[in-house]
Amino acid sequence: MRHVPMVATYLLPVLLASACRSDFFGAHGKPAAPSQGKPQMLLQGAEGSQCPLKTAEQWTEFLTRNAADNRWTDTCEDSRCNESFHSFVSTSIQKTLVDCTDVITANPKIKTCSDRTSRFIPTWLRQHDSVSYGFNRNNHDYLTSQESLSNPEAMVRPPQAIIDALPTREKVEEAARLHGWKYLTHDSAIDNIRTFIYVPDAKGRFDQWMILNLSAPGEDQSNLVFSVLGVQKADRNGTPLAKVRLHFRDYNVTQSGGSFGLEYTEDRNGKCFSCHVSGTRKLIDRETKITAAKPVAGEADFDATGTKGPPDGFGVKRLNELNDVLMSYGLPDWGEDVTIADHGPVLGDAQGCTSCHNGINRGALTVSTSESQVQKKMSDQLSMPQEAGLLKLLEKGDLHNASLTLDERSTLQTAQDRHDKLLGEYMDARLPDLRSWLLSERCE
Ligand code: HEC
Ligand code: HEC
C-alpha cells in the first residue's frame with residue numbers, strides 16, 4: 001500500500017540521532033571487554049563455546065546496550081526500512097543469540113533474562129525487512145497457505161469482472177454496481193482517496209474486501225496496487241471458525257496490450273499487521289470530501305445505466321453500513337502468523353488507550369504499530385481518544401470550510417492541541433517502555 005511517509009517534528013531528534021550514531025558493537029558485534037574488578041564466574045557450557053557472552057555480567061552488558069538503541073521504535077510499514085540497521089541486528093545481535101543457544105539453555109537465569117530479547121529480535125527483524133508482510137511465516141508460505149485445500153477457494157482472488165474493469169474508478173465502480181457488490185470511494189487514512197469493494201462469498205464462508213488506488217481516465221496507471229483482505233469465517237466445507245482468520249494479499253496491476261491483470265510477488269514489502277492491529281480497519285468514520293457510492297444491482301434505486309445520481313445521503317449510508325460489517329468481525333485469530341506477545345509491551349496505558357486496546361476489545365498497540373497510523377488517528381482525525389462532537393466539526397470543516405464559526409474553530413484548535421500533546425506523550429513513552437520490558441529480569 002502506498003503512503004506518504006510521515007516525519008513528525010517530535011521524531012526528528014530521534015531520527016537525526018540514529019542517523020549519525022555508530023553501532024554499539026563496532027564491526028565485529030562483540031561486546032565490550034568485561035569490567036575490571038570482581039572475578040566473573042564462567043557460565044555453564046560457556047567454556048569453549050562459540051558464544052561470546054561467557055559470564056552473567058557480559059549478558060547484562062549485552063542486553064542493556066541493545067535495549068538502549070533508539071532505532072527499535074522506528075516503524076517502516078509502508079516505506080523503506082533502515083537496511084543497515086536491519087543488517088546489523090541480523091548479523092550481530094541475532095547471530096550472537098543464535099551462537100549462544102547452548103549457553104542460554106544450560107543457564108536458567110540467562111534464559112529468563114534474555115527471553116524477551118530473544119523473542120523480540122526475530123519479530124522485529126521480520127517487521128523491518130524489505131521483502132515480506134512481516135508475519136511469522138515468510139511470504140511464500142503465507143501466501144501459499146491462503147489457497148490450501150481446507151480454505152474456501154478464491155478467497156483472495158478478486159472477481160474477474162473487477163479485474164476486467166481496471167484501471168479507472170468509473171469502470172470499476174460500474175462493474176461493482178452491475179454485479180451487486182457494495183462499494184464506496186472515500187478519503188483514506190493512508191492518503192488521498194481509495195475505492196473499497198465488499199464481495200461476500202455466495203456460501204457465506206468469507207467476505208472479500210478490496211482497497212484500490214484507482215486512477216481517473218487519462219491519469220498515470222503505472223504502479224497501481226490492488227490490496228485484498230479475505231476475512232475467513234468458515235473452512236471450505238462451511239464449518240464455522242471460532243474467530244475470523246485474515247488473509248492479506250497485495251497485487252500489482254499489470255498491463256499488456258491494453259488489457260489489465262493482477263500479479264503478486266513473493267518478495268513484496270508491506271507490513272499489514274502494523275496498521276491492522278485489530279484485524280479489519282474501519283473506514284474514516286465521517287463524511288469527507290469524497291464519500292461516494294450508488295445503489296448496486298438488487299437494491300432499491302439501482303440504475304443499470306449508471307447515469308442517475310445516488311439518492312440523498314447515500315454515500316454516508318453506505319459508509320456506515322460497510323463500517324458496521326468491518327467492525328462486526330471482532331478480533332481475528334492470528335494463528336501462527338502473529339505472536340503479539342513478542343512485539344514488545346502493550347503501549348498507551350498512560351494515555352488511556354489500553355481501556356480499549358487491550359487485546360480483548362481492540363488489538364494491543366505495540367512498538368510494531370505504525371507510527372503514521374497512530375499519528376493519523378490521534379492528530380489528523382482527532383478520533384483517538386474519541387470525544388463527542390469533534391467528528392461533526394471536522395466534517396463540517398472538511399466539507400464547508402468557510403462555514404465554521406469562530407467558536408467552532410477554537411474548539412477544534414483546542415482539541416488539536418490536546419491530541420497533539422497526548423500524541424507526543426505516547427510517542428515519547430515508546431522507547432522507555434520497550435527498554436523496561438526488555439530488561440525486566442536481571443541476569444546476575
Ligand atoms: C500504512 C498502514 C497500512 C498498511 C501497512 C496496510 N494497511 Fe490496509 N488499511 C489501512 C487503513 C488505514 C485502512 C482503512 C481504510 C482507509 O482509511 O484507507 C485499510 C484497509 C484495508 C482494506 C479494506 C478492509 C478494511 O480492513 O478496512 C484492505 C483490503 C487492506 N487494507 C489490505 C491490506 C493489505 C493486504 C496489507 C498488507 C499487504 C495492508 N492492508 C497493509 C492501512 C494500512
Ligand atoms: C474507547 C475505546 C478506545 C480508546 C480509549 C482508544 N481507542 Fe483506538 N480504536 C478504538 C476503536 C473502536 C477503533 C476502531 C475504529 C476506528 O478506527 O475508529 C480504534 C482504532 C485505532 C487504531 C487503528 C488500528 C485498529 O485497532 O483498528 C489506532 C492506531 C488506534 N485506535 C490508536 C489509539 C491510541 C493511540 C489511543 C490512545 C491515545 C486509542 N486508540 C484509544 C477504540 C479506542
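Atoms within each ligand, like the ligands themselves, are counted from 1 in listed order.
- Per-residue contacts place K271 under 4.0 angstrom from the following atoms of ligand 1 (heavy atoms of the residue considered): 5 (C).
- If you take NE2 on H419 and CG on L390, they are separated by 6.0 Å, rounding to the nearest 0.5 Å.
- Residue contact check: L283 has heavy atoms under 4.0 Å from atoms 15 (C), 27 (O) of ligand 1.
- Judged by the 6.0 Å and 45° rule, R249 forms a cation-pi pair with Y264.
- Scanning R281, H276, H186, R268 for the heavy atom closest to atom 21 (C) of ligand 1 points to H276.
- Between SD of M384 and NE2 of H357, the angle at atom 8 (Fe) of ligand 2 works out to 170°, rounded to 10 degrees.
- Considering backbone and side-chain N/O atoms, K377 comes within less than 3.5 Å of an N/O atom of ligand 2.
- Here's the thing with S278: one of its N/O atoms is less than 3.5 angstrom from an N/O atom of ligand 2.
- Contacts between C353 and ligand 2 below 4.0 angstrom, taking non-hydrogen atoms only, involve backbone and side chain alike.
- Cation-pi check for R137 over Y142 is not met; the charged atom does not lie both under 6.0 angstrom from the ring centroid and within 45 degrees of its normal.
- In this structure, K376 has no heavy atom closer than 4.0 Å to ligand 1.
- Taking every non-hydrogen atom of V228 and a distance limit under 4.0 Å, the qualifying atoms of ligand 1 come out as 29 (C), 35 (C).
- At a 4.0 Å cut-off, not a single heavy atom of G363 sits close enough to ligand 2 to count as contact.
- A distance-only check finds a donor-acceptor pair linking the side chain of H179 to the backbone of A175 [under 3.5 Å].
- Of the heavy atoms in S370, none comes closer than 4.0 Å to ligand 1.
- A heavy-atom distance below 4.5 Å is not found between the side chains of R236 and S150.
- Polar contact with ligand 1: absent for S227 (N/O pair, distance under 3.5 Å).
- For W181 and F196, the ring centers are positioned 6.0 Å apart or more.
- Shown in contact with W209 at under 4.0 Å from a heavy atom are these atoms of ligand 1, numbered in order with element: 24 (C), 29 (C).
- Shown in contact with C356 at under 4.0 Å from a heavy atom are these atoms of ligand 2, numbered in order with element: 1 (C), 2 (C), 3 (C), 4 (C), 5 (C), 42 (C), 43 (C).
- Taking 4.5 Å as the limit, some side-chain heavy atom of P167 sits within range of a side-chain heavy atom of S215.
- Residue contacts with ligand 2: D285 is excluded, as none of its non-hydrogen atoms falls under 4.0 Å.
- Atoms of ligand 1 lying under 4.0 Å from at least one heavy atom of R249, given by number and element, are 35 (C).
- Close contacts of ligand 2 with G352, meaning ligand atoms under 4.0 Å from a residue heavy atom, involve 5 (C).
- Inclusion of C272 in the first shell of atom 8 (Fe) of ligand 1 is not supported: no N, O or S atom falls under 2.8 Å.
- Taking every non-hydrogen atom of L365 and a distance limit under 4.0 Å, the qualifying atoms of ligand 2 come out as 32 (C), 33 (C), 34 (C), 35 (C).
- Counting the atoms of ligand 1 from 1 in the order shown, those under 4.0 Å from a heavy atom of L229 are 26 (O), 29 (C).
- Using a cut-off of 4.0 Å between Lys/Arg side-chain N and Asp/Glu carboxylate O, K421 and D417 are scored as not salt-bridged.
- Note: no N/O pair closer than 3.5 Å links S355 and ligand 2 by distance alone.
- Only the side chain of L326 comes within contact range of ligand 1, with a heavy atom under 4.0 Å; no backbone atom does.
- Between K308 and D303 there is no salt bridge, since none of the side-chain N atoms of the basic residue sits less than 4.0 Å from a carboxylate O of the acidic one.
- Of the listed residues (R362, Q351, M427), the one carrying the non-hydrogen atom nearest atom 13 (C) of ligand 2 is R362.
- Using a cut-off of 4.0 Å between Lys/Arg side-chain N and Asp/Glu carboxylate O, D207 and K233 are scored as salt-bridged.
- Remark: ligand 2 atoms within the under-4.0 Å shell around heavy atoms of K282 are 15 (C), 16 (C), 17 (O), 18 (O).
- Inter-residue side-chain proximity for K282 and I284 is flagged as unmet; no heavy-atom pair is nearer than 4.5 Å.
- At least one N/O-N/O distance between A189 and ligand 1 falls below 3.5 Å.
- With contacts defined as side-chain heavy-atom distances shorter than 4.5 Å, the pair Y251/V228 qualifies.
- Within ligand 2, counting atoms from 1 as listed, the ones closer than 4.0 Å to a heavy atom of V277 are 24 (C), 25 (C), 26 (O).
- Counting heavy atoms from C-beta outward, K243 and Y329 have side chains that stay 4.5 Å or more apart.
- Between E408 and K396 there is a salt bridge, since a side-chain N of the basic residue sits under 4.0 Å from a carboxylate O of the acidic one.
- A heavy-atom distance below 4.5 Å is not found between the side chains of P152 and K203.
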